[in-house]
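What follows is a short report on a single structure.
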Amino acid sequence: MNSQLVSTSDVPSTALTGTIPPSLFSLTHLRYLDLSFNNFSFSKVPLGFSNLTGLTYLNLSNVMFNGSITTQFSNLTSLMELDLSCSSSIVDYSSIYYTLSSTSTIHEGSQYSYMNRGNLYAPNLSWLQRLNNLRKLKLCGVDLYKASRSNLWAKSVSTLSRLRLLKLSNCRISGEVPVEQLLNLTKLSELYMDYNFLASKIPSKLANLTSLSVLDLTRSNLQGHIPYLSQVKTLYVGNNSDVMVDLHSMFAVPWPRLESIDISSTHVTGSIPPSIANITSLVDFIAYSSLIQGRIPASMMNLSRMEKLRLDMNNISGEISPSISNLKSLQLLSLLQNSFHGLIPDTICSISSLRCLLLAGNSFTGNIPNCIGQLNELSYLEVSSNKMNGSIPSLSSFFRNSAPYLLILGFSGLTVKVDQQPFPPRFQPQLLSLDSCNTGGKIPDFISNLTKLVFLSLSNNSLSGTIPSWLFNLPNLGYLDLSFNRLQGVIPPSIKLKSFFMQTTLKLRNNLLHGLIPQQLENIQALDLSANNFTGNVPADVGLGNIRYLALSDNKLFGRVPFSLCQENCELMLLDLSSNNLFGTIPTSFGNCSSLVYLNLGSNNLTGGIPEELQGAKRLSFLNISGNHFDGPFPAVVHRLERISVIDMGNNKLSGKIPEFIGDLKDLRILLLEFNSFNGSIPEEINALENLQFIGFSNNQLSGPIPEKLSGLKTIINRPKDRNLLGFIISQLYIGVQVNLVAKGLSMQLDMVRTYNNELDLSCNNLSGNLPSELGHLQGLYALNLSHNRLSGNIPTAFGNISLLESLDLSYNNLSGEIPVSLALLDPLSTLNLAHNNLSGEIPTSPHFDTLSRDGLAYIGNKFLCGAPDGIHCDREDFPTPESSESEHSEEQSGEWKMVLALAFAGYVVGFWGLFGVVYLVNEKWRKAYWASVDRILDGIIRCRKIRVSSVKPVIFSSFYLFVF
């Protein structure tokens, strides 16, 4: 799981170890020898096997041999079955991954892979030529890469005329399927070549192997279409993304023997045709993640032999037909993550053989049929993430006759009531989810009897009271989610949770829990206590165990960050202590966190700087220290964080220049330095950051011109279209980035930042010079804010090329000239502010552009601009410009300045004491109202607001799919 090996077995190994003694090879009358799954310590294959010429069966699979296969077995001419495999298939969910798109879409590849147990290779297969009696040959995991480079590499196999089974899985075979050399194998019935690098079409000549009944080409980089193979019973071509499947043409011809087909993770064009009903022998139809569209044809309900129907993660719509009851043999129905709607038909309860019913991630409505709980064989039930509105009045009564292993009702829309009726003893689910099921009151007592429970999720309910102590005495509990409830009190002082699938997660987010955090947390690998009211210090020993995920944000913790959080060889990947009252410095021990990916210390009272030792966190990708009191120059240690993608140092006291090495951080996507005291110019090296999409330098003391070379900002120039979220998945928890930005005249929070969101904010600095025309090349820019600087010159016509621009703020500068007509052609533009400049001429018009500032406030403070509220009238024949009026103003000002000063002084005396005196002496409420109005006026004029950026909240994605199959 997650590309790591997992074992839940407590059984000690019974494998033989060491090497094979030579005396074994003196047993010359031996007929049958099975030494599989022992451990011969990567020794070479002994030559003594050539003495056992009487062998008819030899199994040396997965015995940890090392080296080459040459002549060790060439004398064993009596062999009928030979297994030299050095890898075995295992359940593997590593192919399940999230697409961080508009929804938390889950994708899935092959659900098995191969685990190597040994390292054998064969430079050629000539040693097979004399083994003419072989019926079964298994070489899984034997490296045949070098052998397969020869055009006739399988010629020796073709001499095995009696061969019925050939297994060449996971052998690193490259090139085409050697069908020409296999045509002599007229008795071959099973051919396995999955997990290779064939990179070719499926040969149509396989149809000439008339005895072939099983063909497995899973995950072998195949291309093209599926040829017509009328003789096969089992056809596995899944997880070949370049294989095109047209089911309409495929099933337009008869497949008289086909029983099982796997086309998952291929490219299916169109829908499932009604002609599929002609394949009356069909037992298993596996087609998840295959882009299937349309509806399930009604004729498919006539396939009475169907046992497994998997159509997860497609684009299938419509309703489940009541005729599904015709599938009397159905054991597994999985329609996860499609677009099904309507009611779940009651007729599904007549399928007494049904073991798995997985309907999550659709739009089913109504209630769940009461009869489902009466299915005696039902082991897996998942209806989460639907739009149902029914209820289960009594959970114990509902499952009176069934004992599901997995019961996922969360976020389905159902209301689940837990009464005092006892549950039957056989009700022992291992995974239980009742999230958002309107389950109120205290944590149900019946859970204390679920001794096999591994996964428990009760989030988003109205649970109240304290956490019962028995909850942490459940012997197998590994995942607990009580977030978004009304729980209170302290967490019981003894938490001993066993690890399950490498992960033990305690998640108590967003409750009303309060009190001190207990210190006995050594067995937990993922702990989330965010958004509560915990007080006290961060426990000194909270990082001493095997914890990987630690989030304590949005509490009332105080004190220093414990030095013990990152000990040597710690596995911590996420640390979120943001939004607390922590003080002191960042511990130098953080350099021990070599696995750390995400570090958020924002919104505390930390001081000092980032210690140089942090360079030991080589995998660090997210760094947020915003909203603290850090001072000094830009931390030099950042230069050594090669994988950094998000930097937020805003709202601190940092100073000096932005370093040139910023251009070396090639993975950088978000750079936020606002509200500091950085000075000097913007480094030109920023142009080297192809992935950069957010630049926030506002409210500093930057000076000089805006860099002219911006063509290297590829992500902003060509806005990505993939809509992917920025974030991280750590221990099955998705952590995303939230950014506050100033756009459309408002401070907005992006709860989810996607690859296409971008902004350039250089406002409230001392930048000068002309606007570089190359800004117009940033065609994918969403928001551009250059307000409150000293920029001059004309607005470049090239700004009209920023075709996706929605917010443009150039106010409070010294810009002159006319407003380019090209701006009026930007249809996406919804907010424009050009106020307080020296613009002149007429305001361009277009049906859309005219709607951007009907009150004219976007142009105020441009007195030579025709149509601005305080500008000149548009009926004049000759519009004055700032240059033509300069001499007139100088003469007038020389005679009027004394009068202006006198009037100003008189106005100050009368206005200040007339209003201020009355306000302060008469009424406190008036006084507060006065200063509130002043604040609003100033805020409207200045508009350089303090922005808190990159507040990040964890969101948990459904991990239930990982446990289903």
Determine the sole option in D761, N765, L762, L815 for which the side-chain contact (heavy atoms from CB on, under 4.5 Å) test with L786 is passed. L762
To the nearest 0.5 Å, how far apart are [atom1] in [X] and [atom2] in [Y]?
X	Y	atom1	atom2	answer
L834	S787	CG	OG	11.0 Å
L829	I802	CG	CD1	9.5 Å
D827	S846	CG	OG	7.0 Å
I658	N700	CD1	CG	6.5 Å

Mind checking whether [X] and [Y] have side chains closer than 4.5 Å, heavy atoms only?
X	Y	value
N624	F622	yes
N770	L791	no
I610	F630	no
L550	L552	yes
I860	H836	yes

Check: N785 main-chain N/O paired with D809 side-chain donor or acceptor under 3.5 Å: no
Can you tell me if E759 uses its side chain to pair, donor with acceptor, with the backbone of A783 under 3.5 Å? no
Does the side chain of S553 come under 3.5 Å of the side chain of S579 through a donor N or O and an acceptor N or O? no
In sequence, state the C-alpha distance, the side-chain angles, and the governing distance for D576 and Y598, and then conclude on side chain to side chain contact (heavy atoms under 4.5 Å, CB included). CA-CA 8 Å; D576 188 353; Y598 180 106; 4.0 Å; yes
Report the C-alpha separation of I670 and I647 in whole Å, then their side-chain angles, then the decisive distance to 0.1 Å, and conclude whether the side chain to side chain contact (heavy atoms under 4.5 Å, CB included) test is met. CA-CA 6 Å; I670 296 178; I647 296 176; over 6 Å; no
Should S621 and S645 be marked as a side chain to side chain donor-acceptor pair (under 3.5 Å) after you check the CA-CA gap, both sets of side-chain angles, and the distance that decides it? CA-CA 5 Å; S621 183; S645 62; 2.7 Å; yes
Which pair of heavy atoms, one from [X] and one from [Y], lies closest together, and at what distance?
X	Y	result
N789	C764	ND2-N, 4.0 Å
I795	P820	O-CG, 3.2 Å
L596	A617	CB-CB, 4.4 Å
H848	L826	CD2-O, 3.5 Å
S773	A798	O-CB, 3.6 Å
L654	N676	N-OD1, 3.0 Å

Which residues share a side-chain contact (heavy atoms from CB on, under 4.5 Å) with [X], sequence neighbours left out:
X	result
L582	V538, L557, V561, L577, N580, N604, L606
E685	E660, P683
S589	F563, C566, P587, N592
I717	L778

R640: partners by salt bridge (charged side-chain N to carboxylate O under 4.0 Å, His left out), with sequence neighbours left out: E612
Give the C-alpha distance, both sets of side-chain angles, the deciding distance and a yes or no for side chain to side chain contact (heavy atoms under 4.5 Å, CB included) between L668 and N691. CA-CA 6 Å; L668 196 60; N691 295 309; over 6 Å; no
What pairs meet the disulfide bond (SG atoms under 2.5 Å apart) rule with one or both residues in [range], with sequence neighbours excluded?
range	value
residues 636-708	none
residues 649-699	none
residues 632-700	none

With sequence neighbours excluded, residues passing ring-ring contact (aromatic ring centres under 6.0 Å, His included) with H639: F661
Please collect all ring pair (Phe, Tyr, Trp, His ring centres under 6.0 Å) contacts where either partner lies in residues 577-597, sequence neighbours excluded, each pair once. none
Verdict with supporting geometry, R619 and S594, side chain to side chain contact (heavy atoms under 4.5 Å, CB included): CA-CA 7 Å; R619 298 178 59 189; S594 57; over 6 Å; no
Does S853 have any side-chain hydrogen bond (donor to acceptor under 3.5 Å, both in side chains) partners at least two apart in sequence or in another chain, and if so, which? D855
